[in-house]
Amino acid sequence: MRSFLYLASLVAAAEPFWNEPDTGLETFLSGTNWTEGTQPALKDIRGIPDFDFAARQKLDNQQYSFYRTASAGEYSYRNNLEIWSKVKFRARMLTDVTKVNETLATQILGYNFSAPIFIAPAARGAYADPERAELNFVEASGSENTLYTAALYASKTIEELAAVKSNNTLNGPQVIFQQIYTNSNLSVTWDQIARAERTGAKAIVWTIDAPATSVRHRAARYDTTNANAVTSALTWDIYDQMKNRTSLPIIPKGISTVEDALVAIEKGVKAIYISNHGARQLDHSPSPLEIAYEIHRNAPEVFKKVEVLADSGVRYGADVLKLLALGVKAVGLGRPFMYANTYGLEGVTKAIQILKQEIASDAAQAGIHDIQNISPKVLNTRALEADVYIMED
Ligand SMILES: Cc1cc2nc3c(=O)[nH]c(=O)nc-3n(C[C@H](O)[C@H](O)[C@H](O)COP(=O)(O)O)c2cc1C
């Protein structure tokens with residue numbers, strides 16, 4: 001009995017984990033004619049986490065589990081979502097922020113985009129929209145002038161995605177990047193890269209954090225575990241070979257330490273992509289905020305020498321600003337766009353618009369007048385300092 005009471009008191013004392021914070025959506029819906037198991041009207045979606053709730057209403061358990069799954073005990077998944085609150089804003093008041101909207105636009109590898117956000121590569125878009133799948137990602141990114149990074153295991157082929165690119169963006173023809181996994185038979189990989197080049201992709205995003213199948217219990221229940229079932233040998237030597245095969249910039253995706261960021265620079269990359277793959281690969285891998293902070297503390301020059309992209313656990317404009325303040329150039333989201341795609345093109349477009357609006361509003365609230373040049377002083381990072389890894393000389 002005593003041990004039961006002890007356990008009960010521990011549970012009561014533990015902070016609950018919110019997959020989506022309670023923002024009043026369900027309370028609101030209960031006052032309408034919405035019924036459980038149907039999607040709320042898109043107009044009632046106010047924030048990015050609402051799309052997760054909405055997707056659960058539409059997708060079957062197997063489909064939702066594939067999108068939602070993370071590895072092992074999902075400690076990194078929860079950390080990805082919760083870490084943001086450890087870093088508080090130090091908002092300066094009475095700084096003129098009236099022109100902040102004009103500073104949302106950015107460049108990634110020399111291409112122009114309307115905002116420092118992008119759709120991260122994620123497989124199996126057809127679960128959300130069986131007919132149009134990732135075509136919605138291409139089209140929404142085209143009309144919103146943001147970047148789309150196509151996944152190798154997208155439901156649509158490289159060619160099908162290229163066929164719906166817009167010709168009328170800030171760059172003229174729409175710019176998309178192509179993600180690849182290297183196959184243990186490298187000739188398959190070279191062929192995939194050649195197809196991406198032929199169809200006009202402007203960079204190869206090379207996923208380096210999936211050297212083996214990952215432990216994903218939630219999805220394994222439905223026999224749906226990995227997008228990348230091909231266990232691949234991953235080495236920097238393959239990067240050298242790839243460089244000889246393509247003139248496109250190669251962006252290693254899945255950098256999680258300062259050491260690997262530095263090796264990537266030595267190898268001559270133009271950009272790196274920090275990520276823990278949405279916590280889908282290795283449980284207890286760090287969040288992008290922790291990785292960016294590790295780099296910022298040990299080798300801040302990295303952010304000047306190469307462009308740094310980042311993703312994992314980003315759900316709000318404020319999260320984006322925190323990464324930008326540490327020197328990140330553009331921030332990706334995976335699950336949120338997969339969930340938004342349950343509303344098709346309109347849903348994906350709305351997700352991009354929500355993020356743009358939140359980034360600009362929160363920048364103003366935080367006293368940031370230029371989103372492209374945010375001082376790290378806008379952040380109180382003392383809580384990260386306690387855990388950060390410091391490289392030895
Ligand atoms: C359903 C799903 C499929 C994914 N497929 C891929 C993939 O094929 N290649 C890849 O590099 N990353 C893949 N990712 C990881 C994303 O690119 C990204 O790193 C991750 O989703 C970011 O975390 P977030 O979902 O919390 O935003 C996938 C993520 C999800 C949710």
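Scanning both residues, Leu152 and Ile180, for their nearest heavy atoms gives CB-CA, 4.1 Å. Of all non-hydrogen atoms in Lys322 and Val87, the two that sit nearest each other are NZ-O, 2.7 Å. The two residues Glu294 and Val388 make their nearest non-hydrogen contact at CA-CG2, 3.7 Å. When all heavy atoms are compared, the tightest approach of Ala126 to Ser155 is N-OG, 2.9 Å. Scanning both residues, Gln281 and Asp209, for their nearest heavy atoms gives CG-O, 3.2 Å. The nearest pair of heavy atoms linking Ile371 to Pro116 is CG2-CG, 4.4 Å.
Side-chain contact check for Thr381 and Glu385: no donor-acceptor pair (N or O, by modelled atom type) lies under 3.5 Å. Side-chain polar atoms of Asn341 and Asp129 form no donor-acceptor pair below 3.5 angstrom. Side-chain N/O atoms of Asn183 and Thr189 include no donor and acceptor closer than 3.5 Å. Side chains of Thr106 and Gln372: a donor-acceptor N/O pair is present below 3.5 angstrom, by distance only.
Atoms OG1 and CD1, from Thr199 and Ile158 in turn, are 6.0 Å apart once rounded to the nearest 0.5 Å. Ser76 OG to Leu282 CG: the interatomic distance, rounded to the nearest 0.5 Å, is 7.0 Å. Atom-to-atom distance recorded for Thr207:OG1 and Gln179:CD is 3.5 Å, nearest 0.5 angstrom. Taking CG of Asp319 as the reference point, atom OG of Ser312 lies at 12.0 Å (rounded to 0.5 Å). For the atom pair CZ of Phe113 and CD1 of Ile108, the computed distance is 5.0 Å after rounding to the nearest 0.5 Å. Atom CG in Leu324 sits 10.5 Å away from atom CG in Asn373 (nearest 0.5 Å).
With Trp84 contributing its side chain and Ala318 its backbone, the two residues share no donor-acceptor pair below 3.5 Å. With hydrogens and angles ignored, the 3.5 Å screen pairs no side-chain donor or acceptor of Arg297 with any backbone N or O of Ile390. With Asn380 contributing its side chain and Lys88 its backbone, the two residues share no donor-acceptor pair below 3.5 Å. A side-chain donor-acceptor contact under 3.5 Å links Ser71 to the backbone of Ala279. Between the side chain of Ser361 and the backbone N or O of Glu358, no donor-acceptor pair lies under 3.5 Å. Proximity of a side-chain donor or acceptor of Asn136 to a complementary backbone N or O of Gly344 within less than 3.5 Å is not detected.
There is no path of hydrophobic side-chain contacts, each under 4.5 Å, that joins Leu109 to Leu323. In this structure, Leu104 is a member of the same hydrophobic cluster as Val328, with clusters built from ILVMFWY side-chain heavy atoms closer than 4.5 Å. Taking hydrophobic clusters as Ile, Leu, Val, Met, Phe, Trp and Tyr residues chained together by side-chain heavy-atom distances below 4.5 Å, Ile374 shares a cluster with Val320. Linking ILVMFWY side-chain heavy atoms closer than 4.5 Å, directly or via other members, places Leu321 and Val97 in two distinct hydrophobic clusters. Linking ILVMFWY residues whenever their side-chain heavy atoms come closer than 4.5 Å, directly or via other members, places Val308 and Ile208 in the same cluster.
Screening residues 48-58 for side chain to side chain donor-acceptor pair (under 3.5 Å) gives Asn19-Asp52, Glu20-Arg56, Asp52-Arg56, Asp52-Tyr64, Arg56-Tyr64 as the qualifying pairs, with residues at least two apart or on separate chains.
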Pair Asp96-His369, side chain to side chain contact (heavy atoms under 4.5 Å, CB included): steps then yes or no: CA-CA 7 Å; Asp96 182 0; His369 51 87; over 6 Å; no
Would Lys356 and Ser114 count as a side chain to side chain contact (heavy atoms under 4.5 Å, CB included) here? Give the steps. CA-CA 9 Å; Lys356 284 184 184 175; Ser114 64; 3.0 Å; yes
Side chain to side chain contact (heavy atoms under 4.5 Å, CB included) between Trp206 and Leu234, worked out: CA-CA 10 Å; Trp206 177 35; Leu234 284 166; 3.6 Å; yes
With side chain to side chain contact (heavy atoms under 4.5 Å, CB included) as the criterion, how do Ile354 and Phe51 come out once you've worked through the C-alpha distance, each side chain's angles and the decisive distance to 0.1 Å? CA-CA 11 Å; Ile354 287 174; Phe51 284 112; 4.1 Å; yes
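A 4.5 Å side-chain heavy-atom check between Ile119 and Glu134 finds every atom pair outside the cut-off. Contact check for Thr146 versus Leu355: no side-chain heavy atoms found under the 4.5 Å cut-off. Two residues are said to be in side-chain contact when any heavy atoms from C-beta on lie closer than 4.5 Å; Val302 and Ile272 meet this criterion. Looking only at side-chain heavy atoms (C-beta outward), Lys86 and Asp387 come within less than 4.5 Å of each other. The side-chain heavy atoms of Glu290 and Ile83, taken from C-beta on, include a pair separated by under 4.5 Å. The shortest side-chain heavy-atom distance between Pro21 and Tyr316 falls under the 4.5 Å cut-off. Contact of the Leu161 side chain with the Leu135 side chain is registered, since non-hydrogen atoms from C-beta on lie closer than 4.5 Å. Contact of the Lys267 side chain with the Trp236 side chain is registered, since non-hydrogen atoms from C-beta on lie closer than 4.5 Å.
Atom CH2 of Trp18 is surrounded by 12 or fewer heavy atoms from other residues, nucleotides or ligands within 6.0 Å. For Glu159, the CD atom is densely surrounded, since the number of other residues' heavy atoms within 6.0 Å is greater than 12.
Each of Phe337, Tyr273, Tyr111 was evaluated against Phe118; a single residue qualifies, Tyr273, per the ring pair (Phe, Tyr, Trp, His ring centres under 6.0 Å) test.
With sequence neighbours excluded, the residues satisfying ring-ring contact (aromatic ring centres under 6.0 Å, His included) with His296 are Tyr293.
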Kindly list each side-chain donor-acceptor pair under 3.5 angstrom involving residues 246-255, sequence neighbours excluded, with atom names and distances?
residue: Thr246; atom: OG1; partner: Glu197; partner atom: OE2; Å: 2.4
residue: Thr246; atom: OG1; partner: Leu248; partner atom: N; Å: 3.0

Indicate every side-chain donor-acceptor pair of residues 166-176 with a distance under 3.5 Å to a residue at least two apart or in another chain.
residue: Ser166; atom: OG; partner: Asn168; partner atom: N; Å: 2.9
residue: Thr169; atom: OG1; partner: Asn171; partner atom: N; Å: 3.1
residue: Thr169; atom: OG1; partner: Gly172; partner atom: O; Å: 2.7
residue: Asn171; atom: OD1; partner: Asn112; partner atom: N; Å: 2.6
residue: Asn171; atom: ND2; partner: Asn112; partner atom: O; Å: 2.9
residue: Gln174; atom: OE1; partner: Ser166; partner atom: N; Å: 2.9
residue: Gln174; atom: NE2; partner: Val138; partner atom: O; Å: 2.9

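Under the 6.0 Å distance and 45° angle rule, Arg280 counts as a cation-pi partner of Phe66.
Salt-bridge check for Glu74 with Arg68: passed, with a basic side-chain N closer than 4.0 Å to an acidic carboxylate O.
Within the hydrophobic cluster formed by Ile, Leu, Val, Met, Phe, Trp and Tyr side chains joined at under 4.5 Å, directly or through other members, Trp34 is accompanied by Leu25, Phe28, Leu29, Phe53. As a member of the Ile/Leu/Val/Met/Phe/Trp/Tyr network built from side-chain separations under 4.5 Å, Tyr77 groups with Phe17, Leu81.
The aromatic rings of Tyr339 and Tyr67 are tilted relative to each other, their planes meeting at an angle between 30° and 60°. By the 30° and 60° cut-offs, the orientation of the rings of Tyr181 relative to His277 is parallel.
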